[in-house]
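Model, not experiment: these values are computed from the prediction.
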Amino acid sequence: MENGLDKRIIVSFPTHPFYFMFYLILLIPLSLVAPSVFGFLTVFFGLNLRAAILVGFMIFLLSLLFSPVNIVLKEYMAGGYTLSFQQRYVFFYGIPIPIITPVIIARKIILAINVGGALIPLTISIFLLYRLLIININYFIASLVAIIITTIISYMFSRAIPGAGIAVPGLVPPLTSALITILLVQEPIYVIPIAYVGGVLGSLIGADILRLKKELYKFVNIYGSSFLSIGGAGTFDGIYLSGIFAVALAVILV
């Protein structure tokens, strides 16, 4: 379900029972793992352990609360119009009488970015890259290598789905980032932030940006109306989960 708060913000929730249950079940392990991951990552921001744990939990909570919020970046006219029917009611002596009204709607491609699923992990990744650059240039270079390789692999495996957007197999970006990080970094303490940055930015650049740029013509001229949200449309998307899974896989494989 989508509800426009204004023309620049779209709030979207999963309404299909399958996806609602899937993400509800996913929240159980995610609520156990994600706060710890974010807590460890915020240690690199210069916070003490207690503050890092608190901030880590707040990041997880904010990501959850803002996962339905999408900020519209641009609208494209897809050409032509579609006929839709809206139902409203008029009352006659207190009895509701349904009236079906035809509505002509212009076909549009709406490109947006999700707050909880893209902007928050993107902000964390930028801070981590900055800290790694200050701590050791070699770790920063390792992060760039992880990002570049994950970007290439994510682009290769991503596909355009008519009416849905860009999709990539869920484990491809985090597994790629985790493996590359383990090969490049010997110190386990730095594996976590580098794997996270590689998973987040590699997925974002490879699948959501480069693939979307290539396939945008098809969405506008062939596929028709679509709501394309970078980072998800009301649910946690590959960008958010890629960072979490990359860290989990790196810890398991290291």
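- The distance from atom CZ of Phe66 to atom CG of Leu119, rounded to the nearest 0.5 Å, is 10.5 Å.
- Between atom CE of residue Met58 and atom CG of residue Leu65 there is a gap of 8.5 Å, rounded to the nearest 0.5 Å.
- Judged as a ring-ring contact (aromatic ring centres under 6.0 Å, His included), and not counting sequence neighbours, the contacts of Phe127 are Phe45.
- Ile53 meets the side chain to side chain contact (heavy atoms under 4.5 Å, CB included) test with Leu49; sequence neighbours excluded.
- Considering all non-hydrogen atoms of both residues, Val200 and Pro121 come closest at CG1-O, 3.9 Å.
- Two residues are said to be in side-chain contact when any heavy atoms from C-beta on lie closer than 4.5 Å; Asn114 and Val69 fail this criterion.
- Criterion: ILVMFWY side-chain heavy atoms under 4.5 Å apart, direct or through other members. Under it, Leu54 and Ile124 are not part of a common hydrophobic cluster.
- Residues Val37 and Phe60 have side chains not in contact (no heavy-atom distance under 4.5 Å, counting atoms from C-beta outward).
- In terms of the side chain to side chain contact (heavy atoms under 4.5 Å, CB included) criterion, residue partners of Leu175 (sequence neighbours excluded) are, by chain and number, Leu179, Leu249, Leu253.
- Met156 and Ile149 fall within a single hydrophobic cluster, where Ile, Leu, Val, Met, Phe, Trp and Tyr are joined by side-chain heavy atoms under 4.5 Å apart, directly or via other members.
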For a side chain to side chain contact (heavy atoms under 4.5 Å, CB included) check, start with the C-alpha distance between Leu111 and Val72, then their side-chain angles and the critical distance, and finish with the verdict.
CA-CA 6 Å; Leu111 178 62; Val72 176; over 6 Å; no
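- Residues satisfying the side chain to side chain contact (heavy atoms under 4.5 Å, CB included) criterion with Ala195, sequence neighbours excluded, are Ser177, Thr181, Ala246, Ala250.
- Applying the side chain to side chain contact (heavy atoms under 4.5 Å, CB included) test to Leu129 and every residue at least two apart in sequence or in another chain returns Phe140, Ser143, Ile147, Val197, Leu201.
- Of all heavy-atom pairs spanning Thr150 and Ser203, the tightest one is CG2-N, 4.3 Å.
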Audit row: Asn70, Ile113, side chain to side chain contact (heavy atoms under 4.5 Å, CB included) steps and yes/no
CA-CA 5 Å; Asn70 304 275; Ile113 185 167; over 6 Å; no
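- Separating the CD1 atom in Ile194 from the CD1 atom in Ile189 is a distance of 11.0 Å, to the nearest 0.5 Å.
- Placement of Val145 and Ile126 within a single hydrophobic cluster is found when ILVMFWY residues are connected by side-chain heavy-atom separations under 4.5 Å, directly or transitively.
- Atom CD1 of Ile71 is separated from atom CG of Leu73 by 7.5 Å, given to the nearest 0.5 angstrom.
- The CG atom of Leu62 sits 10.0 Å away from atom CZ of Phe57, with the distance rounded to the nearest 0.5 Å.
- Applying the side chain to side chain donor-acceptor pair (under 3.5 Å) test to residues at least two apart or on different chains, the pairs with a partner in residues 151-160 are Ser158-Arg211.
- What you find for Ala142 and Leu184 is that their closest heavy atoms are O-CD1, 3.7 Å.
- Pairs passing the ring-ring contact (aromatic ring centres under 6.0 Å, His included) check and including a residue from residues 166-201, sequence neighbours excluded, read Phe44-Tyr190, Tyr139-Tyr190.
- Taking the side chain as every heavy atom from C-beta outward, Leu41 and Pro193 approach each other to under 4.5 Å.
- Here the CD1 atom belonging to Ile230 is positioned 6.0 Å from the CG atom belonging to Leu212, to the nearest 0.5 angstrom.
- Linking ILVMFWY residues whenever their side-chain heavy atoms come closer than 4.5 Å, directly or via other members, places Ile141 and Ile180 in the same cluster.
- Clustering ILVMFWY residues whenever any of their side-chain heavy atoms sit less than 4.5 angstrom apart, transitively, puts Tyr130 in a cluster other than the one holding Ile205.
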Test log, rule side chain to side chain contact (heavy atoms under 4.5 Å, CB included), inputs Asn136 and Leu132:
CA-CA 6 Å; Asn136 191 312; Leu132 290 168; over 6 Å; no
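- Contacts of Arg131 classified as salt bridge (charged side-chain N to carboxylate O under 4.0 Å, His left out), with partners at least two apart in sequence or in another chain: none.
- The two atoms that bring Ile166 and Ala207 nearest to each other are CG2-O, 3.3 Å, heavy atoms only.
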